[in-house]
Each structure stands twice: as C-alpha cells, then as structure tokens.
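Not measured: the values here are computed from a predicted model. Counting starts at 1 for both ligands and their atoms, in listed order.
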Amino acid sequence: MATHTTRMLIIGSGPAGLSAAIYGARAGMEPIVVQGLQPGGQLTITPDVENYPGFRDVIQGPWLMQEMQAQAEHVGTRMLWDTITSVDLQSGPPFRAIGDGGDIYEGETLVIATGAQAKWLGVPGEHELGGKGVSACATCDGFFYRGKKVVVIGGGNTAVEEALYLTNHSQDVTLIHRRDSLRAEKILQDRLFAHPNIGVVWHKQVDRFVHDEATGLLRAVALIDTITGEHSEIAAEGAFVAIGHAPATELFKGQLELDAGGYILVEPGTPKTAIPGVFACGDVMDQVYRQAVTAAGTGCMAALDAERFVQEREFLNIRKAVAAG
Ligand code: NDP
C-alpha cells in the first residue's frame with residue numbers, strides 16, 4: 001500500500017479529467033489522475049466522433065482519449081489505475097481518497113470528473129447493436145442516420161430534444177414512450193407535436209432490438225403495449241435510447257450537495273463545489289450539455305480554479321509565517 005500526494009488529485013479520466021490534468025500539469029501542479037473503471041470515460045465506447053473541434057475527418061472516440069492521455073502525460077501528469085472506494089472531503093485540504101487496494105491519495109485540491117453513464121433499457125439486442133443502430137446520444141451519432149428512419153425511446157427533455165435534433169438528419173423520426181404523457185417541458189412538447197416529421201407512439205415498451213440477418217445492423221424495434229400487452233414491431237435503422245443518465249456520485253453522497261438527479265451542485269458558472277478546494281467538472285455536474293467539448297471546457301476551468309486556490313493558500317501561509325516572525 002502506498003501513499004500518493006499531489007497538489008491536484010483528479011478522479012476520472014474522461015475529457016474533463018484529462019483537460020484538467022493538461023492545464024494543471026502545465027501550471028506545475030503535478031497532477032495525479034486516478035483512472036477508474038472505464039479509463040477514458042464514455043468516449044471510449046463512442047466509435048465515431050465528428051463534432052470535436054480540430055478534426056475535419058471522423059475520428060474514433062478511443063483514439064481521441066488516448067491522445068488526450070498522451071498529452072496529459074507528456075506535460076507531467078501521473079496516470080494511476082485504481083478505483084476509488086472512499087473519499088474524505090471534510091478534513092481537507094489535503095483531501096484524501098482511498099483506492100480499492102488500500103492505496104491512499106492525498107490532494108491539496110480535488111477535481112471530481114467521474115462522469116455519468118447513459119441509462120440503458122437492458123433488453124436483448126441493445127448491447128449487441130451498439131454502434132450498429134443503437135445509440136444513447138443523438139448529438140454524437142445522429143449524423144450517421146442521415147435520410148434514415150429513426151426512433152427515440154423516452155419521454156423526458158432528453159428524448160424530446162434528441163427527437164427534434166434528429167429531424168436535422170431524418171424526415172422520419174418516431175418517439176416511443178411507455179405512457180400517454182411526456183415529462184418534458186411544455187415548450188419542448190409543443191415543438192415536438194408541431195413538427196411534421198416526428199410521430200409519437202404511446203404506451204409502448206421496448207421488448208428487444210432486432211437486427212437484419214444480412215447486414216447485422218438494426219432493422220426494427222420490437223415493442224410491447226404497456227396496457228394491452230400486445231406485441232408489435234416498428235422498422236428503424238437508428239434507435240436512440242434517451243431514458244436518462246446516472247452521474248457517478250455515490251462516493252460523494254453526504255459530503256457534497258447533490259441535486260435531485262444526483263449531480264454535484266456547483267456555484268453557477270464555475271466548477272466550485274461548496275467545499276473550497278474541491279471542484280467538479282464534466283458530466284458529473286452537467287446534465288444539460290454533456291458533450292466531450294463542454295466537459296473539456298469545465299475541466300480546464302477546474303484546473304484554473306484549483307491553481308488559484310493553491311496559490312492563495314501558499315500566499316496566506318507565507319503571510320502567516322512572516323507574521324509569526
Ligand atoms: P428524465 O428522467 O427526465 O426522463 C427519462 C424518461 O425516460 C422518462 O420519460 C421515463 O418515462 C423514461 N424511462 C425511464 N426508464 C425507462 C424504461 N426502462 N423504459 C422506457 N422508458 C423509460 O431524463 P432526461 O435525460 O430526459 O432528463 C434528465 C434531467 O435533465 C431532467 O431534469 C431534465 O429536465 C434535464 N435536461 C434538461 C435539458 C434542458 O434543459 N435543455 C435537456 C436534457 C435534460 P416516465 O416518464 O414514464 O418515467
């Protein structure tokens with residue numbers, strides 16, 4: 001068991017954590033990134049990325065994350081592979097985290113970049129058809145279904161926004177919802193119902209995703225009526241599951257304030273949590289935008305604020321030392 005100390009401890013290695021690391025390392029904070037269970041975050045399961053600025057051609061999510069990690073290491077970040085099982089935010093700084101092998105991590109500042117996971121339906125075909133017709137992000141993958149028939153599953157803001165977004169690419173969008181009313185905001189509902197290219201199928205639960213025998217790609221979505229139990233099928237080449245996200249904030253419950261959805265609450269417009277020296281960035285504090293580029297942006301902000309926090313503490317310590325003679 002070892003103790004690792006740093007001026008900037010980063011938990012999570014998606015675009016938010018690695019951007020914080022790049023900025024922190026370049027500012028001399030000698031950051032440590034604890035990578036977690038899914039090193040690289042959600043982008044490592046995103047095959048094609050076309051909306052990250054700077055790349056004209058389609059790039060691969062896993063490749064982008066490898067490059068970010070290589071850049072973070074090149075400027076002096078230490079990447080450690082461990083799963084944090086507990087954190088103590090009350091007695092810091094330094095803030096202390098414990099890994100599942102017992103290693104101790106101490107950071108003068110803590111950057112939380114643990115991300116969020118899309119919720120999945122857990123029905124047959126969903127996992128197998130990932131990247132072959134089934135997706136949880138229309139903004140990321142909608143473009144690949146240009147001119148094709150697509151469906152969106154869910155009835156919240158995300159589902160409605162995704163359905164509206166998909167009309168940029170498809171003239172045939174169907175929203176599938178398990179009840180007869182949406183929980184999305186009224187203004188979004190109004191836009192949805194007014195759109196000539198969007199249809200809504202009510203009272204339907206997805207039974208399974210059906211692939212085409214010849215191509216191996218999504219062909220249809222098999223449905224069950226939630227009232228009559230009747231089975232039916234809707235043809236679709238793209239299906240977007242939009243039933244919510246779950247932020248990875250279990251570790252911080254009781255120590256940081258979370259909103260009703262479990263996201264970390266920060267001072268508006270900043271990555272600052274209620275505990276000075278503890279910052280949150282990326283999807284763990286953002287349930288609205290959730291893009292790689294916005295996560296990277298808030299990671300940068302967290303690093304800049306962490307650096308300022310350390311500088312202010314050092315300045316205060318020097319003043320105290322001078323005053324004490
Ligand atoms: P929500 O939790 O609001 O909605 C999830 C939807 O998925 C619900 O309609 C729910 O159905 C449905 N659902 C859940 N589980 C299943 C399942 N197993 N099978 C079928 N349907 C299922 O999640 P969102 O991601 O839409 O939104 C999360 C939060 O983010 C909300 O607070 C939202 O307001 C916010 N948000 C805000 C945006 C904005 O301001 N622009 C954009 C996107 C999100 P049911 O209704 O029956 O429970």
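Among R179, R183, K204, the residue whose heavy atom lies closest to atom 3 (O) of ligand 1 is R183.
Here R96 pairs with E106 in a salt bridge; the nearest charged N to carboxylate O distance falls below 4.0 Å. Taking the charged nitrogens against the carboxylate oxygens, E30 and R78 have no contact shorter than 4.0 Å, which rules out a salt bridge. Salt bridge annotation for K186-D190: present, with a cationic side-chain nitrogen under 4.0 angstrom from a carboxylate oxygen. In this structure, R7 pairs ionically with E314, as a charged nitrogen and a carboxylate oxygen lie closer than 4.0 Å. A salt bridge does not link R219 to D212: none of the charged side-chain nitrogens sits closer than 4.0 Å to a carboxylate oxygen.
Using modelled atom types, one side-chain atom of N157 and one backbone atom of E185 make a donor-acceptor pair closer than 3.5 Å. In this structure, the side chain of N197 does not engage the main chain of D172 through any donor-acceptor pair within 3.5 Å. The main-chain N or O of T167 is never found under 3.5 Å from a side-chain atom of S170 such that the two would form a donor-acceptor pair.
Residue-ligand proximity, H177 to ligand 1, at heavy-atom distances under 4.0 Å covers atoms 9 (O), 11 (O), 45 (P), 46 (O), 47 (O). Each of the following atoms of ligand 1 lies closer than 4.0 Å to a heavy atom of Q287: 28 (C), 29 (C), 30 (O), 31 (C), 32 (O), 35 (C), 44 (C). When each atom of ligand 1 is checked for a heavy atom of G244 under 4.0 Å away, the hits are 23 (O), 25 (O). Atoms of ligand 1 lying under 4.0 Å from any heavy atom of E161, numbered from 1 in the order shown and given with element: 39 (C), 41 (N), 42 (C). Here is the list of ligand 1 atoms found below 4.0 Å of a heavy atom in G155: 6 (C), 7 (O), 8 (C), 9 (O).
A side chain to side chain contact (heavy atoms under 4.5 Å, CB included) with Y105 is found for one member of I10, I98, D82 and no other, namely D82.
Note that atom 23 (O) of ligand 1 has protein non-hydrogen atoms nearby, at separations under 4.0 angstrom.
Here's the thing with G156: one of its N/O atoms is less than 3.5 angstrom from an N/O atom of ligand 1.
Protein heavy atom at the shortest distance from atom 7 (O) of ligand 1 is I243 CA, 3.3 Å. At the shortest separation from atom 20 (C) of ligand 1 among protein heavy atoms lies Q205 OE1, 3.2 Å. From the protein, the heavy atom lying nearest to atom 27 (O) of ligand 1 is T158 OG1, 3.6 Å. Given atom 10 (C) of ligand 1, the protein heavy atom at minimum distance is R178 NH2, 3.8 Å. Counting protein heavy atoms only, atom 34 (O) of ligand 1 is closest to N157 ND2, 2.9 Å.
Within the structure, ligand 1 lacks K119 among the residues with a heavy atom less than 4.0 angstrom away.
When heavy-atom distances to ligand 1 are checked against a 4.0 Å cut-off, L121 comes that close only through its side chain, counted from C-beta outward.
Taking the ring centroids of F240 and Y145, they lie under the 6.0 Å cut-off.
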